Every structure is written in structure tokens, then in C-alpha cells.
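Computed from a prediction, not measured in an experiment: that's the story for all the values here. No hydrogens, no waters, no symmetry mates; every other heavy atom, side chains included, goes into these values. In this chain, numbering begins with 1 at the start of the sequence shown.
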Amino acid sequence: MSDFFKNIKPLSYDPDGSDLGFRHYNPDEVFMGKRMEDHLRFAVAYWHSFAWPGGDPFGGQTFDRPWFGETMDMARLKADVAFEMFDLLNAPFFCWHDADIRPEGDTFAESLRNFEEIIDYLGTKMESSKTKLLWGTANLFGHRRFMSGAATNPDPEIFAWSAATVKACMDATHKLDGQNYVLWGGREGYETLLNTDLKRERQQAGRFLQMAVEYKHKIGFKGAILVEPKPQEPTKHQYDFDVATVYGFLKEFGLESEVQMNIEQGHAILAGHSFEHELALASSLGIFGSIDMNRNDYQSGWDTDQFPNNVPEVALAYYEVLKAGGFTTGGTNFDAKLRRQSLDPVDLVAAHAGAMDVCARGFKAAVAMLEDGTLEAMRDERYAGWESSNAKAMLEGDLASIAARVAKEGINPQPRSGRQEILENIVNRFV
């Protein structure tokens, strides 16, 4: 045990209790036949919580963590502290990149040895903790070697390095019984078209993802392969721009039944969408998998990765998650970081506790809206005309036959209200 979180007691559901107690998140409360914990499947992000130094584009490190350092001893201390926080929060899951958990070596072989050693250490920690691995992933964007991409890099040796890294991370995720494996292409894009071969890079990215899927089946990994869309940052343009873009990419390479989406609130906003739009679209396309829950500052034009605090937004997101059937292998990962002025250990615990409460409030509102049924009844009523035999037959016909029917029957339709304000008023009754 470290003493980083000394004097902080494990959190529990206590609606009238201390500031660090859960006022809304009761993991054992049952909704729609399932415990709240099993619906929400919260995960702590290793990178933001334990690896991020508190810098920004205008200033460097503000956090002074006792585990900061590129040694295996520091990596083990980081793991000790991480699992202490997981236990304080009673968190069911966590997530990592390889670079979050191990020191970088001078060679690939040295980095791999460090990685495999810390994976064994994490496995030992997991034996005495309830916390499981929601997903693992490879950091293919942080090191300078990835400045021109990983799978889409013009240098085939960097493609090879990246493929070897993903293999190692998939092996580790499988070893730790991870529920999913995620690919986020932070550098898979371009800064200028003047030096970019779009067709070549798309083919490289497609083959790389195909290889990841092939390897999943080879090793018998039963979890989902997830792609996380983002439109830009750090690149000017990122190839996995949004859910619709990724779906077209998956169709092109025959992967639409093999790969699902890990959708982040902040990335949806950067793409010009709402979070619920991306969730609803992924569900309608059959590729919804998991979520990264956070928020962006709406006055900023970049990915600020703040903890969620907007219950109405969260409610609409979980409404779409529930309509999609809920999570299977996926969950709610807090891809969120403290503000760089929030220096104390208690800030890290409080941020997660507050986010879990916000999600619980939003989730309960979403359940209530779904069980009430008014929204879905009004949606069904709006499209009821398409249940008629004439409407169904029309979709099997052609333009000429439809035109003939319009002329023969003197069809002269009148517009109908979409009732948006009434629907929004209904939502506001619950949130």
C-alpha cells in the first residue's frame, strides 16, 4: 500500500452523507432487471488519472506524483496507487494504453519486456481486486516516431513497429481477460495534402484493421474490437472522422460485422454532432459498442476532456444506450482528466465520484423516460403511415408506378407538426 490516498475512506452510496459519498450512484439498485453497476460498467482511464502530468500547450507539468519516472519501480508504484483508487471507488473496470503502464525502452524488445512484466504485475493486482479490464489499447501517437501516423505512415518500418505493438497489446488484453480492444487513430490523418497519398494511406489503414481482426480470431479473443472516431486533433484531419465515416470505411474493407464503435462525447462535439446523434447512428448501423464519457468546454475549440457534469446531456446519451440494448462488452470509461490546478489526491477521487453520480442521475432519468413510453409512442405515431400496405408496397415499386398512383388517387398531402417543443418538454419532466 502507498500513502497517496491516506485519510480517504472507501466511497459508498450515502445520499445524505459526505462530499465524497455517492448521492445518486447505488451500484446495487435494480433497473429494468439489472443492477445499476452492471448497466453503467464504469471504468477509470489509466492515462489521464495516473500518467498525465498536468500540462497544456502553454505550460508544462503541474502534477508532482511520486510515481512519475521511467523505471519499473515507478511503474509498479503507479499500479499500486491506481488499484488503491479503484478500490476506493469500487470501480468495476479500468482501461490502459501500453505507454501508460510501462516505461519506454531504448529498443522495441526492451519496451516489450517492460510491458510484459507490468502486465504480469497488473494481473497480480487484479487477483485481489474486483476491478477488471474493460479494454486495452496501444499508444501509437505519443512518441515522435508516430508523427506521420502509425498504420498510415509513409515509412513501412513504422507500420511494422505499430503492428508489432498492437499484437503485444492484444496479447496483454487477452491475458488480462479484457472485455474489448480499442484502436484510436490519433495520428492517422494528415497535416497537408501536399505530401499525402490519401488512397495509399486508406489502403494501409484498412489492411491494418483487417490484420487486427484476424489476430483476434487467431488467439481466441472473445471481446469486441472497437474503433474510436475523432475528426481532428492532433492531426488537422483524422480519417476516422465520425461514426458515419468509420462505417463507410468498415464496409469498404468488409469489417462492418467485426468492428464496433467506442464513442466519446468530446469527439462527437468536435465533429459537429451531439453525443446522442453518434450513439443513435451507431446503434442504427449495428456497430454500437462502448462509450468514453467526458465533456468539452463549449467555448474552446479543442478536446478538453473534462469530467461530465451536465445531467440532461448524459440522460439523452444513456437513453440511446438503453434503446440500443445497453452495453454487452462495452461500458462507461471516464476519458477525463483533472484541471491542471487540481493538484491534490482528493481531487482525483472527487472528480470520479462526481462523474459517477452525474451518470447515475442521467441514467435514472433515461430509464424513467424509456419506461414512461411517451417519447417512443409519439415517434411511432409519426411514422405510423409507413405501416400501411400501400406504403410498404411503394418501397417495393418504382418511380413510374408511384407517379401513376399519385395522379390516379389525387394525392395531396399536408404537412404535420413534428412536435419538437412538446417532446423537449417531456424530456424536461425527467431531467
Find out whether [X] and [Y] are in side-chain contact, i.e. whether some heavy atom of one side chain is under 4.5 Å from a heavy atom of the other.
{"X": "Ile269", "Y": "Phe275", "answer": "no"}
{"X": "Lys364", "Y": "Phe31", "answer": "yes"}
{"X": "Trp47", "Y": "Trp52", "answer": "no"}
{"X": "Leu176", "Y": "Trp96", "answer": "yes"}
{"X": "Cys95", "Y": "Tyr46", "answer": "no"}
{"X": "Asn180", "Y": "Ile225", "answer": "no"}
{"X": "Glu264", "Y": "Asp305", "answer": "yes"}
{"X": "Met72", "Y": "Glu117", "answer": "yes"}

Mind listing the closest non-hydrogen atom pair of [X] and [Y] along with its distance?
{"X": "Lys337", "Y": "Thr304", "answer": "CE-O, 3.8 Å"}
{"X": "Ile263", "Y": "Glu278", "answer": "CD1-O, 3.5 Å"}
{"X": "Leu343", "Y": "Phe63", "answer": "CD2-CD2, 3.8 Å"}
{"X": "Tyr318", "Y": "Gly362", "answer": "CD1-C, 4.4 Å"}
{"X": "His174", "Y": "Ile219", "answer": "NE2-O, 3.0 Å"}
{"X": "Ala353", "Y": "Leu11", "answer": "CB-CD2, 3.4 Å"}

Crowded around [X] [atom1]? As in, over 12 foreign heavy atoms under 6.0 Å?
{"X": "Tyr383", "atom1": "OH", "value": "no"}
{"X": "Glu371", "atom1": "CD", "value": "yes"}
{"X": "Asp106", "atom1": "CG", "value": "no"}
{"X": "Met211", "atom1": "CE", "value": "yes"}
{"X": "Arg419", "atom1": "CZ", "value": "no"}
{"X": "Arg382", "atom1": "CZ", "value": "no"}
{"X": "Glu424", "atom1": "CD", "value": "yes"}
{"X": "Arg65", "atom1": "CZ", "value": "yes"}

**OP:** List for me each residue that meets side chain to side chain donor-acceptor pair (under 3.5 Å) alongside Tyr319, sequence neighbours excluded, and say none if there are none.
**Re:**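 Side chain to side chain donor-acceptor pair (under 3.5 Å) list for Tyr319, sorted by chain: Glu376.
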Original post:
What do the steps show when you test Val227 against Trp184 for side-chain contact (heavy atoms from CB on, under 4.5 Å), and what is the final call?
Top reply: CA-CA 6 Å; Val227 167; Trp184 175 64; over 6 Å; no
Original post:
Should Thr152 and Tyr190 be marked as a side-chain contact (heavy atoms from CB on, under 4.5 Å) after you check the CA-CA gap, both sets of side-chain angles, and the distance that decides it?
Top reply: CA-CA 9 Å; Thr152 60; Tyr190 65 80; over 6 Å; no
Heavy-atom donor-acceptor pair, [X] side chain to [Y] backbone, under 3.5 Å:
{"X": "Thr173", "Y": "Trp135", "value": "no"}
{"X": "Asp87", "Y": "Glu84", "value": "no"}
{"X": "Arg187", "Y": "Phe141", "value": "yes"}
{"X": "Glu70", "Y": "Glu104", "value": "yes"}
{"X": "Thr235", "Y": "Gly189", "value": "no"}
{"X": "Asp242", "Y": "Ala271", "value": "no"}
{"X": "Thr62", "Y": "Gly54", "value": "yes"}
{"X": "Asp56", "Y": "Gly59", "value": "yes"}
{"X": "Ser129", "Y": "Lys125", "value": "no"}
{"X": "Glu188", "Y": "Ala151", "value": "yes"}

Subject >> Pairing residues for Lys34 by the side chain to side chain contact (heavy atoms under 4.5 Å, CB included) criterion, not counting sequence neighbours >> reply: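 Expected list: Asp38, His39.
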Check: [X]/[Y] side-chain N/O donor and acceptor closer than 3.5 Å:
{"X": "His277", "Y": "Glu320", "value": "no"}
{"X": "Glu214", "Y": "Gln210", "value": "no"}
{"X": "Asn309", "Y": "Arg295", "value": "yes"}
{"X": "Tyr13", "Y": "Asp28", "value": "no"}
{"X": "Thr374", "Y": "Asp372", "value": "yes"}

Is it true that [X] and [Y] make a salt bridge, defined as a side-chain N closer than 4.0 Å to a carboxylate O?
{"X": "Arg23", "Y": "Asp357", "answer": "no"}
{"X": "Arg76", "Y": "Asp80", "answer": "no"}
{"X": "Glu233", "Y": "Lys230", "answer": "yes"}

Atom pairs and distances, donor-acceptor, side-chain atoms in residues 279-292, under 3.5 Å, two or more places apart:
{"unit_1": "Ser284", "atom_1": "OG", "unit_2": "Leu281", "atom_2": "O", "d": "2.8"}
{"unit_1": "Ser290", "atom_1": "OG", "unit_2": "Gly331", "atom_2": "N", "d": "2.9"}
{"unit_1": "Ser290", "atom_1": "OG", "unit_2": "Gly331", "atom_2": "O", "d": "3.0"}
{"unit_1": "Asp292", "atom_1": "OD1", "unit_2": "Asn262", "atom_2": "ND2", "d": "3.3"}
{"unit_1": "Asp292", "atom_1": "OD1", "unit_2": "Asn333", "atom_2": "ND2", "d": "3.1"}

**OP:** Run the ring-centre check on Tyr239 versus Phe249 and record whether the distance is less than 6.0 Å.
**Re:**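 No: the rings miss the under 6.0 Å criterion.
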Subject >> Pairs touching residues 193-204 that satisfy salt bridge (charged side-chain N to carboxylate O under 4.0 Å, His left out), sequence neighbours left out >> reply: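 Only Asp197-Arg200, Arg202-Glu252 qualify under salt bridge (charged side-chain N to carboxylate O under 4.0 Å, His left out).
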Subject >> Sole residue of Arg41, Lys132, Lys222 in side-chain hydrogen bond (donor to acceptor under 3.5 Å, both in side chains) with Gln179 >> reply: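 By the side-chain hydrogen bond (donor to acceptor under 3.5 Å, both in side chains) criterion, Gln179 pairs with just one of Arg41, Lys132, Lys222: Arg41.
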Original post:
Going by the angle between their ring planes, with limits at 30° and 60°, are His352 and Phe334 parallel, tilted or perpendicular?
Top reply: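 Geometry flag for Phe334 against His352: perpendicular rings.
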**OP:** May I ask you to decide if the ring planes of Phe86 and Phe83 are parallel, tilted or perpendicular, using 30° and 60° as cut-offs?
**Re:**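 Because their plane-to-plane angle is over 60°, the rings of Phe86 and Phe83 count as perpendicular.
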**OP:** I would like to know whether Arg113 and Glu110 meet salt bridge (charged side-chain N to carboxylate O under 4.0 Å, His left out); could you show each step before the answer?
**Re:** CA-CA 5 Å; Arg113 284 195 301 272; Glu110 183 181 353; 5.1 Å; no
Subject >> By salt bridge (Lys or Arg N to Asp or Glu O under 4.0 Å) - contacts of Asp120 (at least two apart) >> reply: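 Asp120 satisfies salt bridge (Lys or Arg N to Asp or Glu O under 4.0 Å) with Lys175 once adjacent residues are dropped.
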**OP:** For Lys130, check salt bridge (Lys or Arg N to Asp or Glu O under 4.0 Å) against everything at least two apart and list the hits.
**Re:**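 So Lys130 forms a salt bridge (Lys or Arg N to Asp or Glu O under 4.0 Å) with Glu37.
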**OP:** For Met261 and Leu226, run side-chain contact (heavy atoms from CB on, under 4.5 Å): C-alpha distance rounded to whole Å, both residues' side-chain angles, the deciding distance at 0.1 Å, then the answer.
**Re:** CA-CA 5 Å; Met261 294 291 99; Leu226 305 175; over 6 Å; no
Subject >> side-chain contact (heavy atoms from CB on, under 4.5 Å) between His237 and Gln232, worked out >> reply: CA-CA 5 Å; His237 173 81; Gln232 75 274 336; 5.8 Å; no
